[in-house]
Amino acid sequence: MAQDKEKTKDCIFTALTSLMEQKEYQYITVTDIARKSGISRMTYYRTYSSKEDILLQHFRKVAQQMVSDAQGDEERALSLFFSWFQEHRKLTELLEQAHLMGLLIDCFSVFTDFLYNAIHTEEKTQPVTEYAARFEAGGLFSLLTHSLTEGGQESPEEMAQIALKIMRK
């Protein structure tokens, strides 16, 4: 049952991203997504509450997996981050065209919080920690966007080292 639900989520996500290649995000409807993914609108609404919810759930899962795969190593985490976005360059471009990079930053908060806490081990106080982590998250996504816009000349490992050098200052 859980496996079927994950399969349905994957189909819906794939349908949405496919539709984003065909028309602007704002003009994609739930009916379009349901039709493209081969499900009913009822199934769609049992799974998601909005188009944004599709992206939020998917990218939160990706971010959590990166944190798990990094096994406490911030350089490995950053390398995974840059690798994933390099492999999914077209999707990243579609999200940027749809003005959804802010949504990505929110989705990856578990990832950026992990990085911030791993890199900045000194005692921290609230709310400064929360703001500092969000500040670094914005910088990380800006660095990612710039790298992809410039053709991604650096390897994910090189980008991870650049990001770490900046974040450790």
(request) Compare all side-chain heavy atoms of L144 with those of W84 and state whether any distance is below 4.5 angstrom. (result) no

With a 6.0 Å cut-off on the ring centroids, do F81 and F141 count as close? yes

- prompt: Considering only heavy atoms from C-beta outward, does the side chain of L104 approach that of M101 to under 4.5 Å?
  reply: yes

Exercise. Could you tell me whether K23 atom NZ has more than 12 heavy atoms of other residues or ligands within 6.0 Å of it?
Key: yes

Find out whether E158 and Q153 are in side-chain contact, i.e. whether some heavy atom of one side chain is under 4.5 Å from a heavy atom of the other.
no

Practice task
Please work out whether the ring planes of F59 and F13 are parallel, tilted or perpendicular, with thresholds of 30° and 60°.
Solution key: perpendicular

Less than 4.0 Å between a side-chain N and a carboxylate O, is that true for K9 and D4?
-> no

With sequence neighbours left out, the residues meeting side-chain contact (heavy atoms from CB on, under 4.5 Å) with D53 are Y48, S49, S50, Q57

Under a 3.5 Å threshold, yes or no: a donor from one side chain and an acceptor from the other, between Q22 and Y27? no

Note to self: Between L56 and V110, is there shared hydrophobic-cluster membership here, with clusters defined by ILVMFWY side-chain heavy atoms closer than 4.5 Å?
What the structure shows: no

Practice problem: Taking atom CZ of R89 as the centre, report whether more than 12 heavy atoms of other residues, nucleotides or ligands fall under 6.0 Å from it. | Solution: yes

E74 and A118 have their tightest heavy-atom pair at OE1-CB, 3.7 Å

Salt bridge (charged side-chain N to carboxylate O under 4.0 Å, His left out) evaluation trace for D10 with K5 = CA-CA 9 Å; D10 289 343; K5 188 165 182 148; over 6 Å; no

(request) Report whether Y45 and I33 are members of the same hydrophobic cluster (ILVMFWY, side-chain heavy atoms less than 4.5 Å apart, transitive linking). (result) yes

Here the gap from Q161 atom CD to E154 atom CD, rounded to the nearest 0.5 Å, amounts to 11.5 Å

Worksheet entry | Contact check, side chains of R134 and D113, non-hydrogen atoms, under 4.5 Å | yes

Query - Common cluster, I166/M159, ILVMFWY with side-chain heavy-atom separation under 4.5 Å - result: yes

Residues T31 and R41: closest non-hydrogen pair is OG1-NH1, 2.8 Å

Would F135 end up clustered with F111 when hydrophobic side chains under 4.5 Å apart are linked, directly or stepwise?
no

Start with the C-alpha gap between T14 and K36, add the side-chain angles, then the distance that decides, and say whether side-chain contact (heavy atoms from CB on, under 4.5 Å) holds. CA-CA 9 Å; T14 301; K36 183 85 172 172; over 6 Å; no

For I28 and K51, the nearest pair of non-hydrogen atoms, with its separation, is O-NZ, 3.0 Å

Here the pair of heavy atoms bringing R76 nearest to D69 is NE-O, 3.0 Å

Q) Hey, are the side chains of L115 and E136 touching, using non-hydrogen atoms and a 4.5 Å cut-off? A) no

From the list I12, L91, L95, I54, side chain to side chain contact (heavy atoms under 4.5 Å, CB included) with T17 holds only for L91

The reported gap from CD in Q86 to OG1 in T92 (rounded to nearest 0.5 angstrom) is 10.0 Å

Of all heavy-atom pairs linking F82 and A163, the shortest is CE1-CB, 4.1 Å

Open item on the list: Parallel, tilted or perpendicular: which one describes the rings of Y116 and H120, with boundaries at 30° and 60°?
Closed with: tilted

Smallest heavy-atom separation, A63 atom then F108 atom, equals CB-CD2, 3.5 Å

request  = Would you mind reporting whether Q65 and K61 have side-chain heavy atoms less than 4.5 Å apart?
outcome  = no

To the nearest 0.5 Å, atom OG1 of T112 lies from atom CG of N117 at 9.5 Å

Separation between CD1 (I162) and CE (M167), nearest 0.5 Å, reads 13.5 Å

Worksheet item: Does any non-hydrogen side-chain atom of L140 lie less than 4.5 Å from one of L78?
Response: yes

Residue set satisfying side-chain hydrogen bond (donor to acceptor under 3.5 Å, both in side chains) with S109, at least two apart, ordered chain then number -> none

